[in-house]
Protein chains: 2
Amino acid sequence: MYINEHVINKMQDTLKLAGDATRLKILFCLLDELDTSSSDPHHLIEKCVNDIALQIGCSQSLVSHQLKDLKDGDFVKARKEGTKIYYSLKDEHVKQIMQITYEHVLEGEHHD
Amino acid sequence: MYINEHVINKMQDTLKLAGDATRLKILFCLLDELDTSSSDPHHLIEKCVNDIALQIGCSQSLVSHQLKDLKDGDFVKARKEGTKIYYSLKDEHVKQIMQITYEHVLEGEHHD
DNA sequence: TGCAAATATGAATAGATGTTCATATAATAT
DNA sequence: ATATTATATGAACATCTATTCATATTTGCA
């Protein structure tokens with residue numbers, strides 16, 4: 001890892017982006033669901049703004065705002081179809097960060 | 001991954017903790033240095049507050065404040081020796097989060 | 001053209017957060 | 001005891017951020 005000020009700032013942006021409850025809910029919403037019907041580990045989940053808003057219980061406006069940030073931060077990508085816009089996770093890094101953070105949190109629970 | 005509100009909030013706290021330039025500098029400061037003298041991948045780096053402050057160019061007070069948060073968030077641990085307190089990374093999760101975030105940032109650079 | 005559905009946007013605001021400054025605490029040595 | 005070194009702490013402040021509200025934009029359809 002070659003670290004300089006620029007990289008530090010980019011990493012800050014990336015982690016700050018992930019460090020928000022609403023955005024995490026959106027990301028989990030787009031993560032592979034644990035339903036047993038799909039056995040494909042690389043199954044792509046696509047959801048439109050309104051569906052996400054309904055599922056996580058937030059306003060359309062808030063979800064739209066946050067999706068913009070998540071898109072700018074390369075966490076999600078968008079695909080337009082008619083009036084709807086389908087969002088999905090962009091790459092594996094996002095899943096990995098969520099996975100490791102999840103493990104870290106679980107481990108912390110044992111020591112409380 | 002079993003996700004509920006509590007887990008989401010804990011993940012938020014963890015990622016928010018990592019998402020700050022000063023704290024990232026502290027963590028990198030405590031990460032294995034790339035000097036070729038140590039070939040042990042699990043080499044533990046310990047540094048006291050003042051050394052960290054000097055190395056990253058921040059005040060002692062700021063570093064102390066941030067170390068407290070990093071400790072509360074299980075990112076670092078502390079060992080007292082005389083008047084000095086030596087800090088080090090607590091577990092592998094921190095390193096992994098930094099590594100993946102670093103990769104994500106590097107990948108993003110290609111598309112600018 | 002006009003209407004409805006889906007999403008985006010901008011301003012406003014309350015609350016959170018990083019940093020500084022001054023000071024307190026703790027341990028060591030003279 | 002006193003001084004010194006190392007670290008922690010609390011208050012204050014300026015900046016940033018998440019959320020809401022109202023409104024704009026875009027697309028599809030009657």
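Labels below follow one simple rule: chain letters A, B, ... track the order of the sequence lines, proteins then strands, and each chain is numbered from 1.
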I'd like a list of close polar pairs between nucleotides 12-17 of chain D and the protein, N/O only, cut-off under 3.5 Å.
none

Could you check A/Gly82 against A/Ser61 and say which one's nearest nucleotide on DNA chain D is further toward the 5' end? A/Ser61
Looking at residues at least two apart in the chain, or sitting in another chain, which of them share a side chain to side chain donor-acceptor pair (under 3.5 Å) with A/Asn9? none
Could you check whether B/Cys48 gets within reach of a base, just the sugar-phosphate, or nothing at all, counting any heavy atom under 4.0 Å? sugar-phosphate
Could you note down all residue pairs passing salt bridge (Lys or Arg N to Asp or Glu O under 4.0 Å) where residues 55-70 of chain A supplies at least one of them, sequence neighbours left out? A/Lys68-A/Asp72
If the cut-off is 4.0 Å, is B/Ser64 near the phosphate of D/dA8, judged by side-chain N/O to OP1 or OP2? yes
Show me the side-chain donor-acceptor pairs of residues 13-21 of chain B shorter than 3.5 Å, one per line, residues at least two apart or across chains.
unit_1, atom_1, unit_2, atom_2, d
B/Thr14, OG1, B/Lys10, O, 3.0
B/Asp20, OD2, B/Thr22, N, 3.1
B/Asp20, OD2, B/Arg23, N, 3.0

So, are A/Lys84 and A/Glu81 salt-bridged, with charged N and O less than 4.0 Å apart? no
Nearest whole Å is fine: how far is D/dT27 C1' from A/Asn50 CG? 14 Å
Donor-acceptor check, side chain of B/Lys47 to backbone of B/Cys29, threshold 3.5 angstrom: yes or no? yes
A/Tyr87 near the nucleic acid: base, sugar-phosphate alone, or nothing, with a heavy-atom cut-off under 4.0 Å? sugar-phosphate
Anything under 4.0 Å to a heavy atom of chain A counts; send over the first and last such nucleotide of DNA chain C, read 5' to 3'. C/dA6 to C/dG10
Selection residues 57-66 of chain B - residue pairs positive for salt bridge (Lys or Arg N to Asp or Glu O under 4.0 Å), sequence neighbours left out: none
For B/Lys25, which residues count as a side chain to side chain donor-acceptor pair (under 3.5 Å) partner, sequence neighbours excluded? A/Glu5
A/Gln60 side chain near D/dT20 phosphate (N/O to OP1/OP2, under 4.0 Å): no
Would you kindly check whether a donor in the side chain of A/Ser59 faces an acceptor in the base of D/dC21, or vice versa, at under 3.5 angstrom? no
For atom CD of A/Gln66 and atom P of D/dT19, their distance in whole Å: 6 Å
Round to a whole Å and report the spacing from CG of A/Leu62 to C1' of D/dT23. 17 Å
What is the distance, rounded to the nearest whole Å, between atom NZ of B/Lys47 and atom P of D/dA6? 17 Å
Quickly work out the B/Arg79 CZ to D/dA6 C1' distance and round it to whole Å. 15 Å
With sequence neighbours left out, write down each residue that passes side chain to side chain donor-acceptor pair (under 3.5 Å) with B/Gln60, or none if nothing qualifies. none
Any pair counted as ring-ring contact (aromatic ring centres under 6.0 Å, His included), so long as it reaches residues 60-97 of chain A, sequence neighbours left out: A/Phe75-B/His104, A/His93-B/His104
Atom CG of B/Asp69 to atom P of D/dG10: distance rounded to whole Å? 13 Å
Nearest-Å distance for atom pair NZ/P, residues A/Lys25 and D/dA18: 14 Å
A/Lys80 or A/His65: which one's nearest nucleotide on DNA chain D is closer to the 5' end? A/His65
